[in-house]
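To start, the structure under review is shown below, and the notes come after it.
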2 protein chains.
Amino acid sequence: MDQISSPTSARLRAMQAEGMNLDSCPVRTVVSRLGSKWAPLLLQLLAERPHRFSELRRLVPDISQRMITQTLRDLERDGYVNRSVLPTKPPSVTYSLTDMGVSMFESYRLLFEWAEANHQAVRAAREAFDASDKG
Amino acid sequence: MDQISSPTSARLRAMQAEGMNLDSCPVRTVVSRLGSKWAPLLLQLLAERPHRFSELRRLVPDISQRMITQTLRDLERDGYVNRSVLPTKPPSVTYSLTDMGVSMFESYRLLFEWAEANHQAVRAAREAFDASDKG
DNA sequence: CTGGATCCTCTATGATACTG
DNA sequence: CAGTATCATAGAGGATCCAG
């Protein structure tokens, strides 16, 4: 039973019964960061192999310099990404997943695979909803 | 090989080579919606069992009326959630996961379980980062 | 090459009042 | 009970310029 059902919602109710701040919710702590606009994209690329800063910019052409820096920094801060600076001139910086990043992405990736397989069904559901009286 | 590696990043590069709009990215289509502030919480509760509107409000006390309505509506629009109105007086509305919602959550849930197991490590990483010169 | 600093815009979210 | 409508705000994200 514990193997199958997530303890999350039970803990959630317990937390709320105690009046705990939901900002300390384990799920939100992790998911809110990973669900940002660019984090999924960068994680995918880093899961494939380490990348230079400039490589990431080139592979994600519509990301702003500010957001790639900030997103990578947030991912580094949470322990998912390792940032290594090579003291060349000019300097080169390589980003890679940490062990924790790899571990996390093994779980996150399943949602990505679901999205790959089912995004058309989602789009269809949206169009159907919008075409109905509910839209 | 195809079993293990996600085709996402390969497709991503192909899309970008064609100059496609990244808003049509399969992963972003799905993930951006599910990573919102309240969607994970509501999905967890609905994955457990169907809930009335008022039940959800009670179980998530710090959500505003506006956002619970909007989040549930977004999830319904994307085909994850079913909304059934019982014509009682006053009306009662029950929300539940659709088959697609159950399917999606089976994948999403693994990230939740990872978060449950590792959120302390994430918090520790944050504190270490903030305590270092990088913070 | 890899950022930091600044200013600006837009979207997500919240607060409040009203309704079948 | 289960919303809708309106107004207000905070934070995410973008554009641009500057620097080691």
Side-chain angles (χ1 to χ4, degrees), chain A residues 21-23 25 28-29 31-42 45-46 50-78 81-96 129 132-135, chain B residues 21-23 25 28-29 31-42 45-46 50-78 81-96 129 132-135:
Chain A
N21 185 345
L22 285 177
D23 289 341
C25 171
R28 195 180 295 179
T29 299
V31 173
S32 64
R33 300 278 180 180
L34 301 179
S36 73
K37 183 170 180 178
W38 302 108
L41 227 37
L42 295 178
L45 293 170
L46 295 181
H51 282 82
R52 293 274 303 273
F53 184 89
S54 53
E55 287 179 317
L56 294 173
R57 282 194 67 189
R58 189 162 32 78
L59 292 171
V60 190
D62 57 344
I63 192 175
S64 68
Q65 206 166 35
R66 183 178 174 278
M67 285 316 296
I68 190 173
T69 299
Q70 180 177 311
T71 304
L72 287 170
R73 189 184 172 89
D74 288 343
L75 293 174
E76 184 195 2
R77 186 173 104 103
D78 280 14
V81 162
N82 184 276
R83 176 179 182 269
S84 65
V85 183
L86 295 179
T88 58
K89 191 175 189 321
S92 73
V93 180
T94 299
Y95 292 87
S96 57
F129 184 90
S132 72
D133 55 350
K134 294 169 281 190
Chain B
N21 185 345
L22 285 177
D23 288 341
C25 171
R28 196 180 296 180
T29 299
V31 173
S32 64
R33 299 280 181 178
L34 300 180
S36 73
K37 184 171 181 179
W38 301 108
L41 225 37
L42 296 178
L45 292 170
L46 294 181
H51 281 82
R52 294 273 302 273
F53 184 89
S54 52
E55 287 179 317
L56 294 173
R57 282 194 66 189
R58 188 162 33 79
L59 292 170
V60 190
D62 58 344
I63 192 174
S64 67
Q65 205 168 34
R66 184 177 176 280
M67 285 315 296
I68 190 173
T69 298
Q70 180 176 311
T71 304
L72 287 170
R73 189 182 172 91
D74 288 343
L75 292 175
E76 184 195 1
R77 186 173 104 105
D78 280 14
V81 162
N82 183 278
R83 177 179 180 270
S84 65
V85 183
L86 295 179
T88 58
K89 191 178 189 321
S92 72
V93 180
T94 299
Y95 292 87
S96 57
F129 185 91
S132 73
D133 54 350
K134 294 169 280 187

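Letters A, B, ... mirror the listed sequences (proteins, then strands); counts begin at 1.
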From B:K37 atom NZ to B:D62 atom CG, the distance as rounded to the nearest 0.5 Å: 7.0 Å

Identify whether any heavy atom of B:R57 sits under 4.0 Å from a base atom; if not, whether one sits that close to sugar-phosphate; answer base, sugar-phosphate or nothing. nothing

Hey, are the side chains of [X] and [Y] touching, using non-hydrogen atoms and a 4.5 Å cut-off?
| X | Y | answer |
| --- | --- | --- |
| A:V60 | A:L45 | yes |
| B:I63 | B:L56 | no |
| B:N82 | B:T94 | no |
| B:L42 | B:Y95 | no |
| B:D74 | B:D78 | no |
| B:R83 | B:L72 | no |

Heavy-atom closest contact (B:R33 atom, B:A39 atom, distance): O-CB, 3.8 Å

Tightest non-hydrogen contact, residues A:P40 and B:V31, listed as CG-CG1, 4.0 Å

Rounded to 10°, tell me the angle between the two end axes of the helix from C:dC1-D:dG20 to C:dG20-D:dC1, each built from five pairs. 50°

Think B:Y95 has a side-chain N or O under 4.0 angstrom from the OP1 or OP2 of D:dC1?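 The answer is no; no side-chain N or O of B:Y95 sits under 4.0 Å from OP1 or OP2.
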
It should be established whether B:R73 places a side-chain nitrogen or oxygen under 4.0 Å from OP1 or OP2 of nucleotide D:dG3. no

Got a donor-acceptor contact below 3.5 angstrom from the B:R73 side chain to the A:K134 backbone?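 Yes, B:R73 side chain to A:K134 backbone: donor-acceptor pair under 3.5 Å.
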
Nucleotide range of DNA chain C contacted by chain A, 5' to 3', under 4.0 Å to a heavy atom? C:dC1 to C:dT6

For each nucleotide in nucleotides 5-20 of chain D, reading 5' to 3', give B when a protein heavy atom comes within less than 4.0 Å of its base, S when such contact involves only the sugar-phosphate, and - otherwise. -B------BBB-B--B

